[in-house]
Participant: 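Following this message is one structure expressed as C-alpha cells.
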Amino acid sequence: MSLATLIDSDRKHLIHPVANYRAHEARGVTVLERGKGAWLYDANGNELLDAFAGLWCVNTGYGHDSIVKVASEQMAKLPYATGYFHFGSKPAIELAQRLVNISPRNLEHVYFSLGGSDAVDSALRFITHYYNATGRSSKKHFIALERGYHGSSSVGSGLTAIGSFHRNFDVPLPTQHLIPSPYPYRSSTPDDAQAIIAASVKALEDKVAQLGAENVAAFFCEPVQGSGGVIVPPKGWLKAMRDACRRLDILFVADEVITAFGRTGPMFSCEHEDVEPDLMTIAKGLTAGYAPMGAVLMSDAIYQGIADGSKPGEAVGHGQTYSAHPVSAAIGLEVLRLYTEGGLLANGQEQAPRFAAGLDSLLDHTLVGDSRHLGLLGAVELVSNKATRARFDPSLQLADRIFEAAGRNKIIFRAFGDNILGFAPALCFSANEVDIMVERVRKTLDDVLEIADVRRALKD
Ligand code: PLP
C-alpha cells in the first residue's frame, strides 16, 4: 500500500483510541514506521524525539535487540500456553516470582492481564469477589480521585474521572465516587503540603462516613496522576492515604500502570514512601510496550479470602485467553533485566534532575504557569494569566495547535485538553536528549505564542 492509500484506509476503517472521530478523519493518521532509542521515524521520513515513551510505556526506548531476541526465541519454542486447566509456562511463572520479589513486601500473588484497563477491571472483580467470599457483601462502593485515570473498561471507566470517558457511556455507576485531587497548583494552599494532605485524608474520611464504612470496598489512586495532567501530590500524601484506608477498613489500591518501572525513579512509586498497598495494578513499563501485558498484584490476605471462598470444584471465574502469555512474559523478564542489570533505572535516576531543571526553566515563558515532576514524569501547565492561574478558553483549541507545532519541531509529547503538556521520556534518554527535548518544547511554545489569537487570549 502507498502512504496515501494507507492514510485513506485508516480513515475509513481503523477506529483510533480516545479520538474525536470526525477530527481524525479530517486530519488523517501519522504513520510511524520505526524507532531507535529515544527516536521515532514516521513514514514521511521525519525523525521525531519521543518525549512521551509512546504512551508512557516504552520505558526502555525503542529497538532493543535483546528484547527482540527473547521474544523470537519464545515464539519459536512455545508461542502460547494457556493458564487454564492447570497449565502454565516457565517465563510467566518466573515473571510472577520476580514481580513478587521486587514489589512491596506484602504483595505475594500475581494475576496477569493484557494491559492496564483489564488490570484495573480484574482488581475490581477480585475485590468484589473477596468481600462476597469473606461475608462482607455490603462493601460495594469504590472511591477514586478527581482527575484520576483508571482505564476504559466498562466498570473501570467509571473510576476514570475524565468527562469523555463517561459521556454517552452510562458511567460512573452509583457505586463509584470521587474526592478532590491533591493538586498543589490549583489548591488554595499551594505551598502547604500538610494542608493538602490533610484535606485529602479528610475528604476520604468524610466520603466513607457518608457512605458508611461497611459499604465501602476500596480507594483507588495513582501515586502521581498521569492522564489527569501529571499531578504530583506532596511527599507524604500516598502514605497518609494508605494509612487512612487501614483506619477506615477499606482496601487501598495503587494504580501504578504509569508510575511503576522507574518512571518516577524507583522501580515502583510506592517505594518513595514505603507504602504497601493491598493491591497494585501495573502494565506499560512491565513489557515497555514491546508486547501487551499488565498485572494485578495482591496481598496474601485477599488471595486467601478468595481461595477459601470457593467450595471444592468451584472455579473463581476470572480469566482471559492471553493471561500470562509466554511471549509477553519472556519480554517482561528481559525488560526487568534491562532496568536493573542493564542500568536503565540508574540512568533514569541520573537524568531526573536535568529533566526537572529543564521543565522548571520553562517557567520564564509567557505561557507557562506551573512545572511539576517526579523522576522522568513531568508536566508544564499553560495559563492565560500567571497571577490568577486562569486557563485558556477551550474554544482556542490550544492543545491541538501545540501538538501540531510540536510535530513541526520534531518532538512528541502529550498536549492535554486543558493545556497541560505531559512528558515521560524513556529511561534511556541521554543528557543531550533531555536538552534537545527542552529546546524543542521552548521553540514550540514560542511558535504558538506567535499565533495572533493566542496572544490576544493572554490576560494582563
Ligand atoms: N491505569 C492508569 C493509571 C493508566 O495510566 C492507564 C493508561 O494510561 C490505565 C490504567 C489503562 O491502561 P491501558 O491503556 O493499558 O488499558
Side-chain angles (χ1 to χ4, degrees), residues 15-19 52-59 111-127 142-162 164-166 169 171-172 176 178 181-182 218-233 238 241 252-264 268-270 275 277 279-297 320 322-323 325 328 331-332 335 374-379 412-417 420 422-424:
I15 300 173
H16 284 249
V18 192
F52 205 63
L55 196 66
W56 13 47
C57 56
V58 189
N59 291 5
Y111 174 82
F112 284 112
S113 62
L114 280 61
S117 294
D118 55 336
V120 169
D121 201 56
S122 298
L124 288 163
R125 294 201 82 213
F126 284 133
I127 292 169
F142 291 87
I143 303 172
L145 290 174
E146 287 170 6
R147 302 185 77 93
Y149 187 74
H150 300 289
S152 63
S153 71
S154 51
V155 178
S157 60
L159 291 180
T160 286
I162 297 177
S164 56
F165 285 74
H166 297 172
F169 283 113
V171 283
Q176 298 178 320
L178 299 177
S181 157
F219 171 64
F220 273 67
C221 68
E222 301 154 86
V224 172
Q225 294 190 280
S227 302
V230 188
I231 293 164
V232 185
L238 198 68
M241 297 308 275
F252 176 79
V253 186
D255 186 347
E256 289 231 32
V257 165
I258 288 177
T259 53
F261 305 110
R263 174 53 57 209
T264 71
F268 298 96
S269 216
C270 280
V275 160
L279 298 106
M280 181 193 276
T281 46
I282 53 174
K284 298 197 186 268
L286 172 59
T287 50
Y290 280 65
M293 184 174 243
V296 186
L297 277 57
Q320 293 146 305
Y322 299 124
S323 173
H325 195 283
S328 299
I331 290 172
V335 165
L374 189 64
L376 288 183
L377 182 58
I412 300 173
F413 54 81
R414 184 81 176 265
F416 292 106
I420 296 167
F423 302 91

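Below, each value reflects all heavy atoms present in this structure, side chains not excepted, and no hydrogens, waters or symmetry copies. We count ligands from 1, going down the list as the structure has it; atoms in each ligand are counted the same way.
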Participant: For ligand 1, what are the residues with a heavy-atom contact below 4.0 Å?
Facilitator: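 Under the 4.0 Å cut-off, ligand 1 touches G115, G116, S117, Y149, H150, G151, E222, D255, V257, I258, K284.
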
Participant: Before we go on, tell me: are the rings of F219 and F142 under 6.0 Å apart, centre to centre?
Facilitator: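 No - the distance between ring centres of F219 and F142 does not fall below the 6.0 Å cut-off.
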
Participant: Taking salt bridge (charged side-chain N to carboxylate O under 4.0 Å, His left out) as the definition, give me every residue that meets it alongside R147, ordered by chain and number, with sequence neighbours left out.
Facilitator: D418

Participant: Who are the side chain to side chain donor-acceptor pair (under 3.5 Å) partners of Y111, not counting sequence neighbours?
Facilitator: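 If we apply the side chain to side chain donor-acceptor pair (under 3.5 Å) test to Y111, skipping adjacent residues, the hits are Q320.
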
Participant: Mind checking what makes ring-ring contact (aromatic ring centres under 6.0 Å, His included) contact with F268, not counting sequence neighbours?
Facilitator: F261

Participant: Which class fits the ring pair F423 and F413: parallel under 30°, tilted 30 to 60°, perpendicular over 60°?
Facilitator: tilted

Participant: Under the criterion side-chain contact (heavy atoms from CB on, under 4.5 Å), I'd like the reasoning laid out for V58 against K284: C-alpha separation, chi angles, the key distance, then a yes or no.
Facilitator: CA-CA 7 Å; V58 189; K284 298 197 186 268; over 6 Å; no

